[in-house]
Amino acid sequence: MQGAAPVRWTAALAVLLLTATGCGSPAAADGGPGVLSSSWGDPQNPLEPANTNEVQGGKVLDMIFRGLKRYDPRTGAAENMLAERIETEDARTYTVTVKDGWTFSNGEKVTARSFVDAWNYGAGLKNNQKCAYFFGYIDGYDKVHPESGKQTADTLSGLRVTGPRTFTVRLNQSFSGFPDTLGYAAFAPLPRAFFTDHAAWLEKPVGNGPYRVKSYVRGAQMSLRTWDGYPGPDKARNRGVDLKVYTDSNTAYTDLMSGNLDLADDIPAAQLKNVRSDLQGRYINVPAGILQTLAFPFYDGKWDKPGMEKVRTGLSMAIDRDQISRTIFRGTRTPATDWTSPVLGTEGGYREGLCGEACRYDPKRAKALVKEGGGLPGGRLRLTYNADTGSHKAWVDAVCHSINNALDDDRACVANPVGTFADYRNQITQKKIAGPFRAGWQMDYPLIQNFLQPLYYTGASSNDGKWSSETFDALVDRANAATDQATSVQLFQQAEEVVRDQMAAIPLWYQNGSAGYSGRLSGVALNPFSVPVYDRIEVS
Amino acid sequence: MGQYVLRRLLQMIPVFVGATLLIFLMVNVMGDPVAGLCGDKACDAATAARLRAEFGLDRPVWQQYLTYMGNVFTGDFGTAFNGQEVTALMAASFPVTARLTLVAIVFEVVLGVTLGVVTGLRRGRPVDTGVLMLSLVVISVPTFVTGLLLQLLLGVQWHWITPSVSLAASYDELIVPGLVLASVSLAYVTRLTRTSIAENLRADHVRTAVAKGLPRRRVIVRHLLRTSLIPVVTFIGSDIGALMGGAIVTERIFNIHGVGFQLYQGILRQNTQTVVGFVTVLVLVFLAANLLVDLLYAVLDPRIRYA
């Protein structure tokens, strides 16, 4: 009896409240016919092409901008978009011709200058653009963006406008893959309004893509509507998209379930076990260009001495990737067998099984190798990760557990959580982390170069463990200089073998993008960057 | 009275300075916020250095604090990392949370006090036991459980409400989140009122009122309830600040873009300007609410005088 009373009381109260205010049926999409609503996260930086280095801001840039190249949403191959031709003879000087007939949504023509001005802005140190390093290959970058002190030039000497629709790019080293990097958002063209009234542009960005911004309330919602004058071949198949900021992916999922949201592109880990039955075929789970690894502190002598590669390889063999992917990630991650990603395809440089035995679970070999290599530095591992986002705790604990089992020592590996991501990055850049640490890599563009050079080249921007190998560096230089794509890819794979033999980082798993959508939508797909291909979605 | 208010206002100054300094130091010991700005990739050194200089992060902490406080007195709360003025963030989020808090307070006052009076007058009866049991359940169940449960039942199963609150965050949308936010305090208000009423039933002035033959209703409302409300008002007053700051959980569950959202975002991104700015305002709200409560005592109980 006493158990029943509270229930009746709450129900009665709820009825009373709801009838009193009359908030009856849930409002479906509020954007009007043909407009879908989609979950979004608050972009970390102001929305400028060269200042956006995370998925949420990138999502918008992909809708409102088109660059010289565009990555095919299905295959990831770089294809000409605004570029009519990109020509070179020596993989160092490129001549770019921009297609005729393209305009920004405010009517301004897209010319060679729209690109050159945008790139100069992006590279300039005084503009604080976080993707400035993308322009690092262009001649004169060291003047525009010196490592310390003030910039001594405002424009890159390697860029020259040669006509209304043509410009030349001279690089400071050979890089045959350069044209393929031009699909990245940082290389987008910018209209004059960006430079003349920057604050107003940030309030309401203007681009040249299939969508234009109708309204933008920062930190809350952006309404994008189809731009009818869009001249490109990939016109949007819907009338627009309302991006709604959610602080918690669980709420977005709940909204999706109740019909209050059309598309959620981040299914929370806790919902993975019932998402298939909840959504009945409206759930997608496809590989993305994301690789999770464990990096090592090579700046710490204990991890860098000869013989340690055996310990590192042993650790790699001590991790039961299959079981962790299955039980913790419920198939949204695939055990890694190389240091790239399946989205590259075999032609692009992905080679299944390149890691070989070193990535296969073999507790006996693991224990023997760790012993042969001189044992764990300090007798135990501290596996560091940030505990604030991404539900890393579960898998880090599992990895430690797996290592402890393999090494037959339940104190061999302990997880070491760091409170915030900022603090975590802080400890990494200050070289304070004493053991292996979590490292995630989301590709900028689908090139094998992007999975290797920024991470393992001596002194490279994301070489957090400060690994260094002359053989690897030499192979990467040769691969970049090779004008033939097949040769280049082959050389990169040789470089990857060096990474394997030294076990510079332990590959863990390839990450999938996942999304769920409502019955109103069709044609929903995720691109290799795990972002929904909005322009192909149809709304019934 | 005037002197009392003045003294209280002056006392606020050291509390205010101390609280902001503490928050400032706490956010600062967490390290360099610029490190987290570039995602999983490292910021290039030159850009990081420029950003640090721009946000004043390259100077000693005491200097940063003095500059910050200096700016605050001119109404400049600095700029968040995404380029927005902190004052703009406040203007967008404080009204939303204020509405949410108001809904919660109304629940506390109306429901909590009513239930408290009803049970206090009927001690030991089934109604009293029932409400006591219920309030115990509410106190012991964490807010996020109540929130998620109501969201699931009312939002997904029965379609009575939308599970998330829209951008406008109008009062009708905030009823369920407000109830969730108020739930624990509501239970405490009920219990406080009940005890207080039960105690004062035997007080001299109530007995006198009854003896004078005043109508029961008048005895309860004017004599019994008025004096019994003092501990309740104290609780509700200090609860205003707690509700505004503690809305993080509720706002997250219902996706309300209020103070909790901004604070959460600020802490996650280790954005000193946002966190310190918002906490500063919350401290002010807290202090003002406490002052108001103390002044209310005299209204409620004529025996209380301010020296």
Side-chain angles (χ1 to χ4, degrees), chain A residues 2 5-6 9 14 17-18 21-27 30 42-46 53-54 125-126 128-130 132-133 145-148 202 217-221 245-248 251 254-255 257-258 260 388-389 419-429 439-442 454 461-462 464, chain B residues 30-47 49-51 54 81-84 88-89 92 111 129-130 133-134 137 148 150-152 154-156 159-164 166-167 171-173 175-176 179 251-255 257 261-262 264-265 267-270:
Chain A
Q2 273 171 343
W9 184 83
L17 286 168
L18 291 162
T21 53
C23 56
S25 61
D30 41 13
D42 190 20
Q44 196 167 10
N45 304 306
N53 55 1
E54 36 78 54
L125 176 57
K126 62 169 185 237
N128 294 339
Q129 303 286 292
K130 286 168 197 86
Y133 62 93
H145 197 112
E147 290 196 9
S148 59
L202 284 180
V217 184
R218 279 207 259 189
Q221 180 167 334
V245 172
Y246 283 91
T247 21
D248 192 338
T251 312
T254 313
D255 257 359
M257 295 302 299
S258 73
N260 197 31
D388 55 348
T389 50
T420 63
F421 181 69
D423 192 19
Y424 176 69
R425 284 302 315 176
N426 211 22
Q427 295 194 18
I428 290 175
T429 44
W441 181 253
Q442 161 129 31
S461 56
S462 291
D464 290 330
Chain B
M30 282 156 67
D32 177 12
V34 172
L37 267 187
C38 292
D40 265 325
K41 298 151 196 188
C43 293
D44 75 280
T47 309
R50 261 197 61 92
L51 285 171
E54 207 169 284
F81 288 152
N82 68 356
Q84 265 182 297
L89 294 178
L111 256 176
T129 331
M133 292 277 294
L134 184 75
V137 170
L148 286 173
L150 280 185
Q151 187 183 41
L152 196 72
L154 304 180
V156 182
H159 291 286
W160 288 1
I161 59 163
T162 54
S164 70
S166 76
L167 202 51
Y171 279 109
D172 56 340
E173 284 179 295
I175 288 176
V176 177
L179 181 63
E251 291 192 358
R252 227 176 114 86
I253 293 173
F254 294 95
N255 201 39
H257 294 268
F261 167 74
Q262 296 296 351
Y264 177 75
Q265 214 60 321
I267 292 168
L268 213 59
R269 293 177 181 173
Q270 216 173 312

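Just so we're clear, the structure is a prediction, and the values are computed from it rather than from any experiment. Order of the sequence lines sets the chain letters (A, B, ...), proteins ahead of strands, with each chain counted from 1. Values below: every heavy atom of this structure, side chains too, minus hydrogens, waters and symmetry copies.
With chain B as partner, the option from Asn53(A), Asn128(A), Thr420(A) having the largest number of non-hydrogen pairs under 4.5 angstrom is Asn128(A). The greatest number of non-hydrogen atom pairs below 4.5 Å with chain A, out of Asn255(B), Thr47(B), Val156(B), is found for Asn255(B). Note: Ala220(A) leads Ala132(A), Ala220(A), Ala439(A), Ser461(A) in heavy-atom pairs under 4.5 Å with chain B. When each of Ile428(A), Thr254(A), Leu202(A), Asn45(A) is scored by its heavy-atom pairs under 4.5 Å with chain B, the top score falls to Thr254(A). Of all the listed residues (Arg269(B), Gln270(B), His257(B)), the one sharing the greatest number of non-hydrogen pairs under 4.5 Å with chain A is Arg269(B).
Looking at Gln129(A), the atoms closer than 4.5 Å to chain B (heavy atoms on both sides) all sit in the backbone: N, CA, C or O. Only the side chain of Gln265(B) comes within contact range of chain A, judged by heavy atoms closer than 4.5 Å. Looking at Tyr171(B), neither its backbone nor its side chain comes within 4.5 Å of chain A, counting heavy atoms on both sides. Of the atoms belonging to Ile253(B), it is backbone heavy atoms, and not side-chain ones, that fall under 4.5 Å from chain A. Within the 4.5 angstrom heavy-atom criterion, atoms from both the backbone and the side chain of Val245(A) approach chain B. Of the two parts of Thr429(A), only the side chain, counted from C-beta on, holds a non-hydrogen atom closer than 4.5 Å to a non-hydrogen atom of chain B. Using a 4.5 Å cut-off between heavy atoms, Thr247(A) contacts chain B through both its backbone and its side chain. For a residue to count as touching a neighbouring chain, one of its non-hydrogen atoms must lie under 4.5 Å from one of that chain's; by this rule Gln44(A) touches chain B with backbone and side chain alike. Using a 4.5 Å cut-off between heavy atoms, Pro146(A) contacts chain B through its backbone alone, with no side-chain atom that close. Residue Asp44(B) touches chain A through its side chain alone, counting heavy-atom pairs closer than 4.5 Å.
Nearest approach of Arg50(B) to Leu125(A), heavy atoms of both residues: CD-O, 3.2 Å. Listed here is the closest heavy atom pair of Arg218(A) and Asn82(B): NH1-O, 3.3 Å. Of all heavy-atom pairs between Ser164(B) and Asn260(A), the closest is OG-ND2, 3.4 Å.
Proximity of Tyr133(A) to Pro454(A): side-chain heavy atoms (C-beta onward) are nowhere separated by under 4.5 Å. Contact check for Trp160(B) versus Val176(B): no side-chain heavy atoms found under the 4.5 Å cut-off.
The CG atom of Leu154(B) sits 11.5 Å away from the CD1 atom of Ile175(B) when rounded to the nearest 0.5 Å. Summarising the geometry, atom CE belonging to Met257(A) is positioned 12.0 Å from atom CD belonging to Gln151(B); distances are rounded to the nearest 0.5 Å.
For Asp423(A), the side-chain hydrogen bond (donor to acceptor under 3.5 Å, both in side chains) criterion is met by no residue, not counting sequence neighbours.
Checked by atom type and distance alone, the side chain of Thr251(A) never pairs as donor or acceptor with a backbone atom of Pro163(B) at under 3.5 Å.
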